[in-house]
Amino acid sequence: MRTLIKHILAATEPKEAVTVKGWVRTRRDSKGFSFLELNDGSCLANVQVVVDSGTPGSEHLAHLTTGASAVIDGKLVASPAQGQKWELRATRLELVGTADATYPLQKKGHTQEFLRTIAHLRPRSNLYGAMFRVRSRLAFAVHQFFQERDFVYVHTPIITASDCEGAGEMFRVTTLKGNIDEKPQADFFGKPTYLTVSGQLEGETFACALSNIYTFGPTFRAENSNTARHAAEFWMIEPEMAFCDLQGDMDLGEEFLKALARYALEHCAEDLALFAKFVDKGLQERLKFVVERPFVRVPYSEAVEILKQSGKQFEFPVEYGLNLQSEHERFLTEEHFKSPATVFNYPREIKPFYMRLNDDGKTVTAMDVLVPGIGEVIGGAQREERLEQLHENMKLHKLKPEDYWWYADLRRYGTVPHAGFGLGFERLLMFLTGVPNIRDVIPFARTPGSADF
RNA sequence: UCCAGAGUAGCUCAAUGGUAGAGCGUCCGGCUGUUAACCGGAAUGUUGCAGGUUCGAGCCCUGCCUCUGGAGCCA
């Protein structure tokens, strides 16, 4: 029976007979015996295998090169040398698959740019193995966070006919050939359809029935965005709460980020240590800071004043009514507050129609959670629950109410104050691992001009 | 899409307009309870693509492609 290497290395006593299966990371030969470093992806560390010449199967040793796969039976013993607690003394080895000299992963470090060109092999490297283990655990932690709080997981549709206004360009989904705009009624769904840019509007309908819900699924944006923090396909988390206002929304967003940072520190320590070593020296300090310290909350108008009085020269102007630029957000979190910051109550003109108008008649209940290094990681709002006001907002944004009849029905029948937010899972991973490029936190990145693998 | 930078050996990078190199990896040999082992030797190139200038282009010019960083859009 196979034992995963993570369990082998966690042993508390020697074991007479164990079997490991994995891929050779490196081999060092000595006179009369060899050292094999075997990794099976179950953890960052390799198990050191000692193979004496004459061991059954050792005639294949020459082919057990970096990248080859092998099954090894052996005895787990305390290692006499520095560097590892346990080592496996092989009693039998089996070469499963060879890897010749063209195997592109060397024992030495590679750039992330090169590894992106071999995305099918990069999970066999230390950094990406760690990344995708952490990604899995944090996806689980997302569900755990919401399930513990009685949120219901909702699968909103991936194909949709409605545009979550303001979220970005959409990919068209069609079975038509030729000119697809000529007769859209002849298309598969009888109308133009797209890949979803957000499950929010559908999510609201379920919150207005099941009270607290969340979505966690793939999302698509056809924007021609070429940055380290944009992808055409990404995973988004969107909670929505009935009988909840902006305060409650900000509470949940901040609590969520803290909970995931805490989870990463507690459950991904070995992998986090690797990120700290190679990509972000201050990673653990930053995560502890996020867990322990309260987030700063600042109204948009006050944020504008802080920027104006900073005495700093910005490339883009700071003026009430203008969007905060990346440089402004970075200044706030990285230099001024030196912590994550939640900016709320934005001018209505720069935010979408569904956000609730405040009593001042000028601002809406929007909130963005900004984090150092990445910028916006959460964007959310309390929704406009008043039917008349919603219609007026639509008019202001030049939207046709009939396109949103079902969305408006939520305000027509038993309307309630409700709020929610969207959070990009990949941006969360960037923040929690310190890996600076979104292409390196998703298994196979889809970006403009690139859908390889 | 805009601005800037870069494409040379499998990888990371050198190379005044004048014979294309190094380190690592690979292969061969040696040595050693080794740890990104060590020592010696060898092989490895359509210099991103297409044109142009020149006696001569990796280097200069034009166009294109790709990648990287930044910006916009946003999560």
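Lettering follows sequence order; numbering is per chain, from 1. Values below: every heavy atom of this structure, side chains too, minus hydrogens, waters and symmetry copies.
- For RNA chain B, if you chain together Watson-Crick or G-U pairs that step i with j, i+1 with j-1 and so on, the runs of at least three with distances under 3.5 Å are B:1-7 with B:65-71, B:10-13 with B:21-24, B:26-30 with B:38-42, B:48-52 with B:60-64.
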Once each nucleotide of nucleotides 1-12 of chain B is scored for protein heavy atoms under 4.0 Å, what B/S/- sequence comes out, 5' to 3'? B--------BSS

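- A:Lys75 pairs by the side chain to side chain donor-acceptor pair (under 3.5 Å) definition with nothing, not counting sequence neighbours.
- Ring pair A:Tyr404/A:Phe353: centre-to-centre distance below 6.0 Å.
- One atom, CG of A:Asn323, and another, P of B:A71, lie 15 Å apart when rounded to the nearest Å.
- The side-chain contact (heavy atoms from CB on, under 4.5 Å) search around A:Glu327 returns A:Phe314, A:Glu315, A:Phe316, A:Gln325, not counting sequence neighbours.
- The nearest heavy atom of RNA chain B to A:Lys31 and to A:Thr65 marks one nucleotide each, and the one closer to the 5' end goes with A:Thr65.
- Side-chain nitrogen and oxygen atoms of A:Ser198 include none within less than 4.0 Å of the OP1 or OP2 phosphate oxygen of B:A75.
- Taking atom C1' on both B:A43 and B:C60, the two are 34 Å apart, rounded to the nearest angstrom.
- For the pair A:Asn437 CG and B:G70 C1', the interatomic distance rounds to 13 Å; values are reported in whole Å.
- With sequence neighbours excluded, no residue satisfies side chain to side chain donor-acceptor pair (under 3.5 Å) with A:Asn212.
- Counting only N and O atoms by type, the side chains of A:Tyr346 and A:Asp368 include a donor and acceptor under 3.5 Å apart.
- A:Val364 places none of its side-chain heavy atoms less than 4.5 Å from the side chain of A:Asn345.
- In this structure, the side-chain contact (heavy atoms from CB on, under 4.5 Å) partners of A:Thr91, at least two apart in sequence or on a different chain, are A:Asp73.
- The aromatic rings of A:Phe453 and A:His120 sit parallel to each other, their planes meeting at less than 30°, with 60° as the upper class boundary.
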